Amino acid sequence: MNLPNVVTNSERSAGPVSAEPVVASAAFRRSDAATMPAGLRHDWSLPEVEALFALPFQDLIFQAQNVHRAHQAPNTVQMSTLLSVKTGACPEDCAYCPQSVRYDTGLDREALLAIEEVVDRAQAARAAGATRFCMGAAWRSPKKKDMQVMTAMIREVSELGMETCATLGMLTREQAQELKDAGLDYYNHNIDSSPEFYEKIITTRDFQDRLDTLEAVREAGMSVCCGGIVGMGETVTDRARMLQVLANLPQHPESVPINQLVAVPGTPLAEQAAVDPFDFVRTIAVARILMPNSAVRLSAGRESMSDELQALAFLAGANSIFYGEKLLTTGNPDVEHDQQLLQRLGMVTASGAS
Ligand code: SAM
Ligand code: DTB
Ligand code: SF4
(Lines give C-alpha, C1' and ligand atoms only; values in the text may rest on other atoms or scores of the structure.)
(Ligands and ions follow the chains in the order given, each with its own letter.)
Protein backbone atom coordinates (compact mmCIF):
# COMPACT_ATOMS: atom_id res chain seq x y z
CA MET A 1 0.00 0.00 0.00
CA ASN A 2 1.49 3.32 -1.04
CA LEU A 3 -0.58 6.12 0.45
CA PRO A 4 -3.26 6.58 -2.24
CA ASN A 5 -5.86 9.36 -1.98
CA VAL A 6 -9.14 7.53 -2.49
CA VAL A 7 -12.54 8.17 -0.88
CA THR A 8 -14.34 4.88 -0.26
CA ASN A 9 -18.05 4.49 -0.89
CA SER A 10 -18.78 3.74 2.76
CA GLU A 11 -17.20 7.05 3.70
CA ARG A 12 -19.18 9.03 1.12
CA SER A 13 -22.51 8.32 2.78
CA ALA A 14 -23.85 11.63 3.91
CA GLY A 15 -26.49 12.08 6.58
CA PRO A 16 -28.06 14.69 8.77
CA VAL A 17 -26.04 16.16 11.60
CA SER A 18 -27.81 15.29 14.84
CA ALA A 19 -28.33 18.08 17.36
CA GLU A 20 -30.20 15.74 19.71
CA PRO A 21 -29.03 15.22 23.29
CA VAL A 22 -26.80 12.22 23.57
CA VAL A 23 -27.64 8.70 24.56
CA ALA A 24 -24.02 7.77 24.56
CA SER A 25 -24.12 4.10 23.71
CA ALA A 26 -26.20 4.65 20.58
CA ALA A 27 -24.70 7.96 19.62
CA PHE A 28 -21.17 6.70 19.61
CA ARG A 29 -21.62 4.31 16.71
CA ARG A 30 -19.46 6.07 14.16
CA SER A 31 -20.99 4.12 11.29
CA ASP A 32 -24.17 6.09 12.11
CA ALA A 33 -22.38 9.37 12.48
CA ALA A 34 -23.13 12.13 10.05
CA THR A 35 -20.48 12.91 7.48
CA MET A 36 -19.97 16.13 5.60
CA PRO A 37 -22.01 16.14 2.40
CA ALA A 38 -18.84 16.24 0.34
CA GLY A 39 -17.53 13.12 2.12
CA LEU A 40 -14.32 12.70 4.02
CA ARG A 41 -11.09 13.95 2.51
CA HIS A 42 -8.13 11.74 1.67
CA ASP A 43 -6.14 14.27 -0.32
CA TRP A 44 -4.62 16.51 2.32
CA SER A 45 -1.43 18.22 1.21
CA LEU A 46 1.39 18.79 3.68
CA PRO A 47 1.16 22.61 3.44
CA GLU A 48 -2.56 22.39 4.26
CA VAL A 49 -1.90 20.30 7.36
CA GLU A 50 1.00 22.50 8.43
CA ALA A 51 -1.25 25.53 8.03
CA LEU A 52 -3.65 24.00 10.56
CA PHE A 53 -0.79 23.50 13.02
CA ALA A 54 0.21 27.15 12.47
CA LEU A 55 -3.23 28.57 13.33
CA PRO A 56 -3.57 30.64 16.50
CA PHE A 57 -4.41 28.14 19.26
CA GLN A 58 -7.96 29.39 19.77
CA ASP A 59 -8.78 29.37 16.05
CA LEU A 60 -7.53 25.79 15.79
CA ILE A 61 -9.53 24.60 18.81
CA PHE A 62 -12.65 26.40 17.52
CA GLN A 63 -12.33 24.67 14.15
CA ALA A 64 -11.69 21.28 15.77
CA GLN A 65 -14.68 21.69 18.09
CA ASN A 66 -16.90 22.59 15.13
CA VAL A 67 -15.85 19.43 13.31
CA HIS A 68 -16.27 17.44 16.50
CA ARG A 69 -19.85 18.68 17.04
CA ALA A 70 -20.80 17.97 13.43
CA HIS A 71 -19.51 14.40 13.44
CA GLN A 72 -19.30 13.06 16.98
CA ALA A 73 -21.49 12.82 20.05
CA PRO A 74 -20.36 15.71 22.25
CA ASN A 75 -19.37 15.16 25.88
CA THR A 76 -18.86 11.47 25.26
CA VAL A 77 -15.81 9.31 25.76
CA GLN A 78 -15.11 5.73 24.75
CA MET A 79 -13.01 3.74 27.20
CA SER A 80 -10.63 0.92 26.34
CA THR A 81 -8.69 -1.07 28.90
CA LEU A 82 -5.24 -2.35 28.01
CA LEU A 83 -3.55 -5.51 29.19
CA SER A 84 -0.05 -6.61 28.34
CA VAL A 85 -0.58 -10.32 27.70
CA LYS A 86 3.10 -10.90 26.89
CA THR A 87 5.58 -8.48 28.38
CA GLY A 88 9.18 -7.60 27.56
CA ALA A 89 12.09 -9.16 25.64
CA CYS A 90 10.92 -7.78 22.31
CA PRO A 91 13.58 -8.12 19.59
CA GLU A 92 12.70 -4.74 18.03
CA ASP A 93 14.63 -1.54 18.81
CA CYS A 94 11.86 1.10 19.05
CA ALA A 95 13.67 3.91 20.90
CA TYR A 96 10.65 4.82 23.01
CA CYS A 97 9.79 1.35 24.21
CA PRO A 98 10.54 -0.09 27.66
CA GLN A 99 9.85 -3.59 26.31
CA SER A 100 12.72 -3.80 23.85
CA VAL A 101 15.27 -6.46 24.84
CA ARG A 102 18.01 -4.01 23.79
CA TYR A 103 17.44 -1.54 26.63
CA ASP A 104 17.89 -2.08 30.35
CA THR A 105 14.65 -0.71 31.73
CA GLY A 106 14.43 -3.07 34.70
CA LEU A 107 11.33 -4.70 33.27
CA ASP A 108 10.78 -8.38 34.11
CA ARG A 109 9.97 -10.39 31.02
CA GLU A 110 6.78 -12.42 31.29
CA ALA A 111 5.51 -15.40 29.31
CA LEU A 112 2.19 -15.24 27.49
CA LEU A 113 -0.52 -15.01 30.16
CA ALA A 114 -2.99 -17.84 30.71
CA ILE A 115 -6.32 -17.34 28.96
CA GLU A 116 -8.28 -17.58 32.25
CA GLU A 117 -6.29 -14.72 33.74
CA VAL A 118 -6.90 -12.54 30.70
CA VAL A 119 -10.63 -13.31 30.78
CA ASP A 120 -10.74 -12.38 34.49
CA ARG A 121 -9.05 -9.07 33.73
CA ALA A 122 -11.43 -8.40 30.84
CA GLN A 123 -14.41 -9.07 33.10
CA ALA A 124 -13.05 -6.64 35.68
CA ALA A 125 -12.51 -4.01 32.98
CA ARG A 126 -16.08 -4.47 31.77
CA ALA A 127 -17.39 -4.14 35.32
CA ALA A 128 -15.42 -0.89 35.72
CA GLY A 129 -17.05 0.56 32.58
CA ALA A 130 -14.66 -0.20 29.72
CA THR A 131 -16.32 -1.16 26.43
CA ARG A 132 -13.21 -2.43 24.67
CA PHE A 133 -10.44 -4.72 25.87
CA CYS A 134 -7.08 -4.37 24.18
CA MET A 135 -4.50 -7.14 24.43
CA GLY A 136 -0.89 -6.15 23.74
CA ALA A 137 2.10 -8.37 23.14
CA ALA A 138 5.77 -7.43 22.87
CA TRP A 139 6.38 -9.24 19.60
CA ARG A 140 7.85 -8.25 16.26
CA SER A 141 5.14 -10.51 14.86
CA PRO A 142 3.25 -13.47 16.33
CA LYS A 143 4.51 -17.03 15.75
CA LYS A 144 2.27 -19.96 14.87
CA LYS A 145 1.99 -21.18 18.47
CA ASP A 146 1.25 -17.63 19.64
CA MET A 147 -1.57 -17.39 17.14
CA GLN A 148 -3.19 -20.53 18.54
CA VAL A 149 -3.31 -19.04 22.03
CA MET A 150 -4.29 -15.54 20.86
CA THR A 151 -7.21 -16.75 18.76
CA ALA A 152 -8.55 -18.80 21.69
CA MET A 153 -8.07 -15.80 24.00
CA ILE A 154 -9.86 -13.43 21.62
CA ARG A 155 -12.78 -15.87 21.26
CA GLU A 156 -13.27 -15.95 25.03
CA VAL A 157 -12.99 -12.18 25.55
CA SER A 158 -15.35 -11.63 22.65
CA GLU A 159 -17.90 -13.89 24.33
CA LEU A 160 -18.01 -11.47 27.27
CA GLY A 161 -19.76 -9.03 24.94
CA MET A 162 -16.89 -6.55 24.90
CA GLU A 163 -15.26 -5.12 21.80
CA THR A 164 -11.86 -6.71 21.33
CA CYS A 165 -8.61 -5.13 20.19
CA ALA A 166 -5.13 -6.60 19.89
CA THR A 167 -1.68 -5.24 19.14
CA LEU A 168 0.72 -8.07 18.39
CA GLY A 169 3.15 -6.57 15.88
CA MET A 170 3.33 -7.22 12.14
CA LEU A 171 0.77 -9.58 10.60
CA THR A 172 0.57 -11.53 7.38
CA ARG A 173 -2.75 -11.52 5.53
CA GLU A 174 -3.42 -15.05 6.79
CA GLN A 175 -2.79 -14.06 10.40
CA ALA A 176 -5.06 -11.04 10.07
CA GLN A 177 -7.80 -13.29 8.72
CA GLU A 178 -7.31 -15.78 11.58
CA LEU A 179 -7.69 -13.00 14.14
CA LYS A 180 -10.78 -11.67 12.39
CA ASP A 181 -12.29 -15.17 12.31
CA ALA A 182 -11.64 -15.49 16.07
CA GLY A 183 -13.80 -12.40 16.61
CA LEU A 184 -11.23 -9.61 16.80
CA ASP A 185 -12.88 -6.24 16.19
CA TYR A 186 -9.88 -3.84 16.16
CA TYR A 187 -6.19 -4.18 15.44
CA ASN A 188 -3.83 -1.54 16.83
CA HIS A 189 -0.72 -0.90 14.75
CA ASN A 190 0.73 2.59 15.00
CA ILE A 191 2.75 4.40 12.35
CA ASP A 192 4.24 6.25 15.35
CA SER A 193 5.63 9.24 13.44
CA SER A 194 6.30 10.62 9.96
CA PRO A 195 7.89 8.32 7.37
CA GLU A 196 10.95 10.61 7.53
CA PHE A 197 11.37 10.50 11.33
CA TYR A 198 10.52 6.79 11.60
CA GLU A 199 14.02 5.57 10.78
CA LYS A 200 15.46 7.71 13.57
CA ILE A 201 13.46 5.80 16.18
CA ILE A 202 13.25 2.27 14.75
CA THR A 203 15.78 0.46 12.57
CA THR A 204 14.52 -3.13 12.77
CA ARG A 205 11.58 -2.57 10.40
CA ASP A 206 10.52 0.19 8.06
CA PHE A 207 7.53 2.41 7.59
CA GLN A 208 6.28 0.37 4.63
CA ASP A 209 6.12 -2.73 6.89
CA ARG A 210 3.62 -0.83 9.05
CA LEU A 211 1.51 0.12 6.04
CA ASP A 212 1.53 -3.47 4.77
CA THR A 213 0.16 -4.78 8.07
CA LEU A 214 -2.49 -2.06 8.12
CA GLU A 215 -3.55 -3.14 4.65
CA ALA A 216 -3.74 -6.79 5.75
CA VAL A 217 -5.91 -5.77 8.72
CA ARG A 218 -8.26 -3.83 6.43
CA GLU A 219 -8.49 -6.65 3.92
CA ALA A 220 -9.47 -9.05 6.68
CA GLY A 221 -12.34 -6.68 7.53
CA MET A 222 -11.19 -5.51 10.96
CA SER A 223 -11.38 -1.95 12.23
CA VAL A 224 -8.06 -0.15 12.33
CA CYS A 225 -6.59 1.56 15.38
CA CYS A 226 -3.57 3.54 14.23
CA GLY A 227 -1.86 6.64 15.52
CA GLY A 228 1.47 7.71 16.90
CA ILE A 229 3.58 9.39 19.54
CA VAL A 230 4.21 13.08 20.16
CA GLY A 231 7.33 14.23 22.00
CA MET A 232 10.12 12.05 20.61
CA GLY A 233 12.08 15.02 19.26
CA GLU A 234 10.17 15.20 16.00
CA THR A 235 9.40 18.51 14.28
CA VAL A 236 5.96 20.02 13.75
CA THR A 237 6.36 19.01 10.10
CA ASP A 238 6.83 15.39 11.24
CA ARG A 239 3.58 15.60 13.23
CA ALA A 240 1.81 17.09 10.22
CA ARG A 241 3.22 14.34 7.97
CA MET A 242 2.13 11.61 10.39
CA LEU A 243 -1.44 12.92 10.42
CA GLN A 244 -1.38 13.51 6.65
CA VAL A 245 -0.42 9.85 6.10
CA LEU A 246 -3.23 8.66 8.39
CA ALA A 247 -5.84 10.92 6.80
CA ASN A 248 -4.80 9.98 3.27
CA LEU A 249 -5.10 6.23 3.85
CA PRO A 250 -7.85 4.71 1.64
CA GLN A 251 -10.04 4.61 4.75
CA HIS A 252 -9.44 6.61 7.92
CA PRO A 253 -8.54 4.47 10.95
CA GLU A 254 -11.65 4.08 13.10
CA SER A 255 -9.48 4.85 16.10
CA VAL A 256 -6.50 7.24 16.21
CA PRO A 257 -4.43 7.02 19.41
CA ILE A 258 -2.31 10.09 20.06
CA ASN A 259 0.29 9.11 22.65
CA GLN A 260 2.50 11.53 24.52
CA LEU A 261 5.92 9.95 24.96
CA VAL A 262 6.34 8.28 28.33
CA ALA A 263 10.09 8.78 28.73
CA VAL A 264 11.15 5.55 30.42
CA PRO A 265 14.58 5.36 32.13
CA GLY A 266 16.87 3.02 30.22
CA THR A 267 15.38 3.75 26.79
CA PRO A 268 17.27 5.97 24.32
CA LEU A 269 14.53 8.61 24.75
CA ALA A 270 14.76 8.65 28.56
CA GLU A 271 16.10 12.22 28.64
CA GLN A 272 13.87 13.59 25.90
CA ALA A 273 12.48 17.00 26.86
CA ALA A 274 8.74 17.04 27.49
CA VAL A 275 6.58 18.33 24.67
CA ASP A 276 4.83 21.70 25.09
CA PRO A 277 1.31 20.73 26.26
CA PHE A 278 -0.25 23.15 23.75
CA ASP A 279 1.62 21.43 20.92
CA PHE A 280 0.28 18.10 22.14
CA VAL A 281 -3.27 19.50 22.13
CA ARG A 282 -2.68 20.97 18.65
CA THR A 283 -1.89 17.46 17.38
CA ILE A 284 -5.19 16.18 18.77
CA ALA A 285 -7.08 19.09 17.20
CA VAL A 286 -5.53 18.54 13.77
CA ALA A 287 -6.27 14.80 13.98
CA ARG A 288 -9.92 15.67 14.75
CA ILE A 289 -10.16 18.04 11.77
CA LEU A 290 -8.53 15.62 9.33
CA MET A 291 -10.44 12.52 10.48
CA PRO A 292 -13.89 13.76 11.57
CA ASN A 293 -15.53 10.36 11.95
CA SER A 294 -12.68 8.65 13.79
CA ALA A 295 -12.36 8.26 17.54
CA VAL A 296 -9.29 10.26 18.57
CA ARG A 297 -7.76 8.71 21.65
CA LEU A 298 -5.97 10.71 24.33
CA SER A 299 -3.58 7.83 24.94
CA ALA A 300 -0.27 7.33 26.77
CA GLY A 301 1.01 10.16 28.96
CA ARG A 302 -2.22 11.03 30.79
CA GLU A 303 -0.67 10.17 34.14
CA SER A 304 1.58 13.22 33.87
CA MET A 305 -1.17 15.51 32.54
CA SER A 306 -3.24 17.86 34.68
CA ASP A 307 -7.02 17.55 34.65
CA GLU A 308 -7.12 20.93 32.89
CA LEU A 309 -4.85 19.73 30.10
CA GLN A 310 -6.98 16.63 29.60
CA ALA A 311 -10.10 18.82 29.47
CA LEU A 312 -8.40 20.89 26.78
CA ALA A 313 -7.60 17.71 24.84
CA PHE A 314 -11.29 16.72 24.99
CA LEU A 315 -12.22 20.21 23.81
CA ALA A 316 -9.82 19.74 20.90
CA GLY A 317 -11.68 16.60 19.86
CA ALA A 318 -10.32 13.68 21.84
CA ASN A 319 -13.17 11.29 22.64
CA SER A 320 -11.52 8.10 23.74
CA ILE A 321 -9.09 7.14 26.52
CA PHE A 322 -7.21 4.18 27.95
CA TYR A 323 -8.90 3.43 31.24
CA GLY A 324 -7.37 1.43 34.09
CA GLU A 325 -4.34 1.85 36.36
CA LYS A 326 -1.85 0.56 33.83
CA LEU A 327 -1.17 1.02 30.13
CA LEU A 328 1.06 -1.89 29.06
CA THR A 329 3.98 -1.52 31.45
CA THR A 330 3.68 2.09 32.65
CA GLY A 331 1.14 3.88 34.81
CA ASN A 332 -2.20 5.46 33.93
CA PRO A 333 -4.54 7.55 36.13
CA ASP A 334 -6.59 5.74 38.79
CA VAL A 335 -10.05 4.63 37.75
CA GLU A 336 -11.59 6.72 40.54
CA HIS A 337 -9.73 9.80 39.39
CA ASP A 338 -10.89 9.31 35.79
CA GLN A 339 -14.49 8.78 36.89
CA GLN A 340 -14.34 11.98 38.94
CA LEU A 341 -12.79 13.90 36.06
CA LEU A 342 -15.50 12.80 33.63
CA GLN A 343 -18.15 13.68 36.19
CA ARG A 344 -16.66 17.13 36.80
CA LEU A 345 -16.69 17.73 33.06
CA GLY A 346 -20.24 16.39 32.63
CA MET A 347 -19.00 13.75 30.24
CA VAL A 348 -20.59 10.36 29.71
CA THR A 349 -18.97 7.14 28.61
CA ALA A 350 -19.87 5.05 25.60
CA SER A 351 -21.43 2.55 28.03
CA GLY A 352 -23.77 5.22 29.37
CA ALA A 353 -22.12 5.66 32.79
CA SER A 354 -21.09 9.09 33.96
N1 SAM B 1 4.75 -4.76 19.64
C2 SAM B 1 3.62 -4.23 18.98
C3 SAM B 1 3.95 -3.08 18.07
O4 SAM B 1 4.92 -2.38 18.33
O5 SAM B 1 3.21 -2.89 17.12
C6 SAM B 1 2.53 -3.81 19.93
C7 SAM B 1 2.84 -3.14 21.25
S8 SAM B 1 3.55 -1.53 21.17
C9 SAM B 1 3.99 -1.28 22.86
C10 SAM B 1 2.18 -0.45 20.86
C11 SAM B 1 2.42 1.02 20.75
O12 SAM B 1 2.61 1.58 22.03
C13 SAM B 1 3.62 1.51 19.97
O14 SAM B 1 3.43 1.49 18.59
C15 SAM B 1 3.75 2.95 20.48
O16 SAM B 1 3.01 3.84 19.68
C17 SAM B 1 3.15 2.86 21.88
N18 SAM B 1 4.19 3.06 22.90
C19 SAM B 1 5.11 2.17 23.32
N20 SAM B 1 5.91 2.69 24.24
C21 SAM B 1 5.52 3.97 24.43
C22 SAM B 1 5.98 5.04 25.25
N23 SAM B 1 7.03 4.90 26.05
N24 SAM B 1 5.32 6.23 25.20
C25 SAM B 1 4.26 6.37 24.38
N26 SAM B 1 3.79 5.40 23.57
C27 SAM B 1 4.42 4.22 23.58
C1 DTB C 1 -1.30 2.89 21.78
O2 DTB C 1 -1.31 3.70 20.84
N3 DTB C 1 -0.85 3.15 23.00
C4 DTB C 1 -0.96 1.99 23.86
C5 DTB C 1 -1.66 0.96 22.94
N6 DTB C 1 -1.75 1.64 21.69
C7 DTB C 1 -1.12 -0.39 22.81
C8 DTB C 1 0.33 1.59 24.46
C9 DTB C 1 1.02 2.68 25.24
C10 DTB C 1 2.21 2.09 25.87
C11 DTB C 1 2.91 3.06 26.80
C12 DTB C 1 4.12 2.45 27.39
C13 DTB C 1 3.87 1.23 28.23
O14 DTB C 1 2.96 1.22 29.09
O15 DTB C 1 4.62 0.26 28.09
FE1 SF4 D 1 8.53 -4.35 20.52
FE2 SF4 D 1 6.26 -3.05 20.03
FE3 SF4 D 1 7.95 -2.19 21.95
FE4 SF4 D 1 8.66 -1.93 19.39
S5 SF4 D 1 6.89 -0.94 20.41
S6 SF4 D 1 9.96 -2.72 21.05
S7 SF4 D 1 7.74 -3.76 18.50
S8 SF4 D 1 6.81 -4.09 21.95
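Computed from a predicted model, the values in this text were never measured in an experiment. One-based numbering, in listed order, for ligands and for the atoms of each. We use all heavy atoms of the structure for the numbers below, so side chains are in, but hydrogens, waters and symmetry mates are not.
- Under the 4.5 Å side-chain contact rule for hydrophobic residues, Ile191 and Leu261 share a cluster.
- The same ILVMFWY cluster, assembled from side-chain heavy atoms under 4.5 Å apart, contains both Phe133 and Leu160.
- Using a 4.0 Å cut-off to heavy atoms of Leu327, the atoms of ligand 2 that qualify are 14 (O).
- Close approach of ligand 2 to Asn190 is summarised as follows: ligand atoms under 4.0 Å from at least one heavy atom of the residue are 1 (C), 2 (O).
- Annotation: Gly228 places no N or O atom under 3.5 Å from an N or O atom of ligand 1; distance criterion only.
- Cys90 lies apart from atom 4 (Fe) of ligand 3 in this respect, since none of its N, O or S atoms is found at a distance under 2.8 Å.
- The distance from the CZ atom of Arg288 to the CG atom of Asn293 is 8.5 Å, given to the nearest 0.5 Å.
- Protein heavy atom in closest approach to atom 20 (N) of ligand 1: Tyr96 CD1, 3.3 Å.
- When each of Leu40, Val256, Leu249 is paired with Met291, the side-chain contact (heavy atoms from CB on, under 4.5 Å) condition holds for Val256 and for no other.
- Considering backbone and side-chain N/O atoms, Asp192 comes within less than 3.5 Å of an N/O atom of ligand 1.
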**Message:** Using the rule given for salt bridge (charged side-chain N to carboxylate O under 4.0 Å, His left out), can you reason through Asp338 versus Arg302, listing the C-alpha separation, both sets of side-chain angles and the distance that settles it, and then say yes or no?
**Reply:** CA-CA 10 Å; Asp338 275 345; Arg302 282 200 306 120; 2.8 Å; yes
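- Checking only distances, Cys134 never comes within under 3.5 Å of ligand 2, N or O to N or O.
- Close approach to Thr329 involves these atoms of ligand 2, each under 4.0 Å from a residue heavy atom: 13 (C), 14 (O), 15 (O).
- Here Asn259 has side-chain heavy atoms under 4.0 Å from ligand 1, and that is the only part of it that gets that close.
- Close contacts between ligand 2 and Leu328 involve ligand atoms 7 (C), 8 (C), 13 (C), 14 (O), 15 (O) [criterion: under 4.0 Å to a heavy atom].
- Scanning the protein heavy atoms around atom 7 (C) of ligand 1, the nearest turns out to be Thr167 OG1, 3.8 Å.
- Note: Glu178 CD to Thr151 OG1 = 6.5 Å, rounded to the nearest 0.5 Å.
- Arg173 and Glu219 are joined by a salt bridge, as a carboxylate oxygen and a charged side-chain nitrogen come within less than 4.0 angstrom of each other.
- In this structure, CD1 on Ile61 lies 10.0 Å from CG on Leu55, to the nearest 0.5 angstrom.
- Among all non-hydrogen protein atoms, the one lying nearest atom 2 (C) of ligand 1 is Gly169 N, 3.7 Å.
- With ligand atoms numbered from 1 in the order given, ligand 1 contributes 25 (C) to contacts under 4.0 Å with heavy atoms of Ala300.
- For atom 4 (O) of ligand 1, the nearest non-hydrogen atom from the set Met135, Arg140, Arg210 belongs to Arg210.
- The side chain of Arg205, and not its backbone, has at least one atom closer than 4.0 Å to an atom of ligand 3 (non-hydrogen atoms only; side chain from C-beta on).
- Closest to atom 26 (N) of ligand 1 among all protein heavy atoms lies Ile229 CD1, 3.5 Å.
- Taking the charged nitrogens against the carboxylate oxygens, Glu254 and Arg218 do have a contact shorter than 4.0 Å, which makes a salt bridge.
- An N or O contact shorter than 3.5 Å is missing between Thr167 and ligand 2 by distance.
- Scanning the protein for heavy atoms near atom 24 (N) of ligand 1, the closest one is Val262 N, 3.0 Å.
- The protein heavy atom nearest to atom 8 (S) of ligand 3 is Ala138 CA, 3.6 Å.
- Note: the hydrophobic cluster containing Leu60 also contains Val230 (ILVMFWY, side chain heavy atoms under 4.5 Å, direct or indirect links).
- Selection from Val262, Leu83, Asn188 by nearest heavy atom to atom 7 (C) of ligand 2 gives Asn188.
- Within the structure, ligand 1 has Ala137 among the residues with a heavy atom less than 4.0 angstrom away.
- For ligand 2, the polar-atom distance check against Ser299 finds no nitrogen or oxygen pair separated by under 3.5 Å.
- By the criterion of a heavy-atom distance under 4.0 Å, the side chain of Pro98, and not its backbone, is placed next to ligand 2.
- Distance check, rounded to the nearest 0.5 Å: CE of Met162 to CD of Gln123 gives 9.5 Å.
- For atom 11 (C) of ligand 1, the nearest protein heavy atom (residue, atom name, distance) is Asn190 ND2, 3.7 Å.
- Within a 6.0 Å radius of CZ in Arg140, other residues, nucleotides and ligands contribute more than 12 heavy atoms.
- Of all atoms in ligand 2, numbered sequentially from 1 with element shown, those under 4.0 Å from a heavy atom of Pro257 are 2 (O).
- Contact annotation for Leu82 and ligand 2: only side-chain heavy atoms (C-beta onward) come within less than 4.0 Å of the ligand.
- A 6.0 Å sphere centred on CD of Glu336 holds more than 12 heavy atoms belonging to other residues, nucleotides or ligands.
- Looking at Ala95, Ala137, Cys97, it is Cys97 that brings a heavy atom closest to atom 3 (Fe) of ligand 3.
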**Request:** Evaluate salt bridge (charged side-chain N to carboxylate O under 4.0 Å, His left out) for Arg241 paired with Glu50, printing each intermediate quantity in order.
**Result:** CA-CA 8 Å; Arg241 273 286 278 150; Glu50 286 182 301; over 6 Å; no
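- A continuous path of hydrophobic side-chain contacts links Leu246 to Val224 [ILVMFWY only; heavy atoms under 4.5 Å].
- Atom 9 (C) of ligand 1 has as its closest protein heavy atom Leu328 CD1, 3.4 Å.
- Close N/O approach between Gln99 and ligand 2 is not found [any backbone or side-chain N/O within under 3.5 Å].
- To the nearest 0.5 Å, atom CG of residue Leu179 and atom CE of residue Met222 are 5.0 Å apart.
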